[in-house]
There are 2 protein chains.
Amino acid sequence: MNLSKRCEYGLRALIDIGIASELGRPRLQVSELAAKEKLPVKFLEQILSQLKAAGYVKSKRGKFGGYSLAKRMDRIKFGPVIRLIDGPLAPIRCVSETSYACCTCPDEVHCGLRMLMLDVRNAIAKILDRYTLAEIVEITLRKLHRDKVTPLFLQPSMRFVSILP
Amino acid sequence: MNLSKRCEYGLRALIDIGIASELGRPRLQVSELAAKEKLPVKFLEQILSQLKAAGYVKSKRGKFGGYSLAKRMDRIKFGPVIRLIDGPLAPIRCVSETSYACCTCPDEVHCGLRMLMLDVRNAIAKILDRYTLAEIVEITLRKLHRDKVTPLFLQPSMRFVSILP
DNA sequence: GAAAATCCTACTGCGCAAGTATGAATTTGA
DNA sequence: TCAAATTCATACTTGCGCAGTAGGATTTTC
Ligand code: FES
Ligand code: FES
């Protein structure tokens with residue numbers, strides 16, 4: 001039941017880009033992201049490259065380059081991103097919707113474990129395939145505002161700007 | 001989001017012992033279990049040994065030995081068994097109830113990923129910490145009976161015995 | 001043209017999952 | 001009492017995938 005570091009970092013980066021974007025800073029550099037999240041730069045670079053190839057972010061090269069979102073935030077669901085990086089959500093393949101594989105069980109239809117894990121898979125998918133980046137970003141922003149915390153990656157000049165109307 | 005083979009095999013064995021027990025055959029040998037579930041004998045042996053050390057099953061050595069349940073089926077929940085073999089249910093440690101560890105996130109309180117994963121963890125735990133072996137065994141038996149299938153590991157002499165009153 | 005960024009590919013280290021292998025200890029029945 | 005059948009204990013193997021590093025190529029801006 002584990003999310004890989006790779007996936008964790010990727011999602012954290014995605015959320016950060018989303019937040020920054022929402023605050024009027026649509027593009028972030030890998031080095032900024034890595035600094036804020038305290039992640040290895042080159043590793044994060046790789047991950048973003050993968051997210052780019054899958055169409056979640058786009059990049060600008062060269063000086064003042066960086067990464068920005070390639071689709072609307074409310075169209076980015078977490079499930080597919082996690083599947084991309086970590087593979088199926090299901091705890092065992094025989095209950096995976098997206099990449100089924102049969103197991104050695106003699107009777108899949110009457111397998112108790114399978115029933116149980118199907119339940120688990122559905123519970124996981126129900127959450128991850130429904131929540132969008134937009135929702136998470138919004139909730140996070142609201143929380144930050146309520147607690148009067150300023151998002152770290154903003155330029156000093158942009159701090160202390162009211163987030164909500 | 002993966003259940004290890006070790007854990008899968010362990011749970012399958014547990015369920016089988018539960019079913020057999022319910023049908024009046026409280027003790028099964030490793031070789032029987034391995035044959036029915038098509039698993040490597042020695043590997044399963046190891047796993048059962050671990051389950052024994054944790055108090056889920058007990059064993060009898062020597063000829064006609066084998067493994068049987070060490071506690072009431074309705075006291076065996078799946079969550080703890082999985083935690084024993086595979087570790088925490090939570091996708092990331094910062095949302096684990098049983099083995100928390102902080103991550104590199106600069107602000108755990110306002111971390112969007114953490115919120116999301118907390119939701120996932122709770123959904124998983126809600127299922128796995130509630131279902132008991134007794135329930136899974138019962139459901140399985142009902143299904144088998146409805147479909148008129150005879151559990152494989154019964155002795156020939158015991159087949160065709162009505163399962164339900 | 002220099003600096004600053006992304007892009008690309010290869011490589012590494014190493015820990016762990018998934019078993020194998022070997023033999024000792026225990027129980028039963030002949 | 002001995003042989004067979006079983007669990008118990010420990011050590012070993014093998015391969016793979018995670019979590020990065022390393023180094024340089026390419027693109028963009030000033
Ligand atoms: S575990 Fe997949 S069918 Fe039993
Ligand atoms: S992922 Fe653990 S606090 Fe952000």
Side-chain angles (χ1 to χ4, degrees), chain A residues 1-13 17 26-35 37-70 82 84-88 91-93 101 103-104, chain B residues 1-13 17 26-35 37-70 82 84-88 91-93 101 103-104:
Chain A
M1 307 282 170
N2 215 43
L3 202 71
S4 71
K5 286 294 172 192
R6 187 184 182 85
C7 194
E8 181 196 320
Y9 297 170
L11 294 176
R12 276 162 65 180
I17 298 175
R27 190 187 303 137
L28 292 181
Q29 298 189 342
V30 177
S31 54
E32 284 181 282
L33 281 165
E37 297 284 343
K38 286 182 271 184
L39 309 177
V41 180
K42 292 300 262 180
F43 189 29
L44 186 56
E45 211 173 285
Q46 266 180 34
I47 299 166
L48 284 166
S49 167
Q50 183 179 9
L51 289 176
K52 181 189 175 181
Y56 290 106
V57 296
K58 60 189 173 199
S59 63
K60 192 181 177 204
R61 299 171 80 158
K63 208 170 178 180
F64 305 124
Y67 284 91
S68 51
L69 294 178
I82 295 175
L84 170 73
I85 299 182
D86 271 5
I92 40 180
R93 301 292 293 271
C103 42
T104 62
Chain B
M1 307 284 170
N2 213 45
L3 202 73
S4 70
K5 288 293 172 193
R6 186 183 183 86
C7 193
E8 181 196 320
Y9 298 169
L11 293 176
R12 276 161 66 181
I17 298 174
R27 189 185 303 136
L28 293 180
Q29 298 188 342
V30 177
S31 54
E32 285 181 281
L33 280 166
E37 297 283 343
K38 289 182 268 183
L39 309 178
V41 181
K42 291 303 261 180
F43 190 30
L44 185 56
E45 212 172 288
Q46 267 180 34
I47 300 165
L48 284 167
S49 168
Q50 182 178 11
L51 288 176
K52 181 188 174 183
Y56 291 106
V57 296
K58 58 190 174 197
S59 64
K60 193 182 176 199
R61 300 171 79 157
K63 206 169 181 180
F64 305 124
Y67 284 91
S68 50
L69 295 177
I82 295 175
L84 171 73
I85 300 182
D86 270 4
I92 39 181
R93 300 292 292 273
C103 41
T104 64

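Just so it is clear, the values below take in all heavy atoms, side chains as well, and ignore hydrogens, waters and symmetry mates. A quick note: this is a predicted structure, and the numbers were derived from the prediction, not measured. Here is the naming used below: chain letters follow the sequence lines, and residue numbers restart at 1 for every chain.
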Quiz item: Hey, are the side chains of B:L33 and B:L39 touching, using non-hydrogen atoms and a 4.5 Å cut-off?
Solution: no
Self-check item: Sugar-phosphate, base or nothing in reach of A:S4, heavy atoms under 4.0 Å
Solution: sugar-phosphate
Quiz item: How about A:Y56 and A:Q50: do any of their side-chain heavy atoms sit closer than 4.5 Å?
Solution: no
Quiz item: Considering all heavy atoms of both residues, which atom of B:L51 and which atom of B:G10 are nearest to each other, and what is their separation?
Solution: CD1-O, 4.0 Å
Quiz item: Do side-chain atoms of A:R12 reach the backbone of A:E37 as a donor and acceptor pair under 3.5 angstrom?
Solution: yes
Quiz item: Quick one: B:K58 NZ to D:dC8 P, roughly how many Å, whole number?
Solution: 13 Å
Exercise. May I have the distance from B:K38 (atom NZ) to C:dG19 (atom P), rounded to whole angstrom?
Key: 15 Å
Quiz item: What pair of heavy atoms forms the shortest contact from B:K52 to B:K58, and how long is it?
Solution: CG-CA, 4.5 Å
Quiz item: Just by distance, do the side chain of B:D86 and the backbone of B:S4 share a donor-acceptor pair under 3.5 Å?
Solution: yes
Practice problem: Measure the distance from NZ on A:K5 to P on C:dG13 and round it to the nearest whole Å. | Solution: 22 Å
Report all interatomic pairs (protein N or O, nucleotide N or O of nucleotides 14-16 of chain C) with separations under 3.5 Å.
none

Quiz item: Starting at the 5' end of DNA chain D, which residue's closest nucleotide do you reach first, B:S59 or A:N2?
Solution: B:S59
Self-check item: Integer-rounded Å distance: D:dT7 C1' and B:I17 CD1
Solution: 13 Å
Quiz item: Would you say A:I85 and A:L11 make side-chain contact, with heavy atoms under 4.5 Å?
Solution: no
Exercise. Side-chain contact test, heavy atoms from C-beta onward, threshold under 4.5 Å: evaluate it for A:L3 versus B:M1 and give yes or no.
Key: yes
Exercise. Please determine if a side-chain N or O atom of A:Y9 lies less than 4.0 Å away from the OP1 or OP2 oxygen of D:dA19.
Key: no
Practice problem: Give a yes/no on whether any side-chain N or O of A:Y67 is located under 4.0 angstrom from OP1 or OP2 of C:dA5. | Solution: no
Quiz item: Can you name the closest pair of heavy atoms from B:E8 and A:C103 and give their distance?
Solution: OE2-CB, 4.2 Å
Quiz item: Just how far, in rounded Å, is P of D:dC8 from CD of B:Q29?
Solution: 12 Å
Quiz item: Roughly, in whole Å, what's the span from CZ in B:R27 to P in D:dA5?
Solution: 18 Å
Self-check item: Rounded distance in Å - CD (A:Q50) to P (D:dG20)
Solution: 15 Å
Practice problem: Let me know the distance between CD of B:E8 and C1' of C:dA18, rounded to the nearest Å. | Solution: 12 Å
Please write out each protein N/O paired with an N/O of nucleotides 20-28 of chain C under 3.5 Å, distance rounded to 0.1 Å.
residue : atom : partner : partner atom : Å
C:dT20  : O4   : B:Q46   : NE2          : 2.6
C:dT22  : O4   : B:K42   : NZ           : 2.9
C:dG23  : O6   : B:K42   : NZ           : 3.4
C:dA25  : N3   : B:R61   : NH2          : 3.3
C:dT27  : O2   : B:K63   : N            : 3.3
C:dT28  : OP1  : B:K60   : NZ           : 2.8

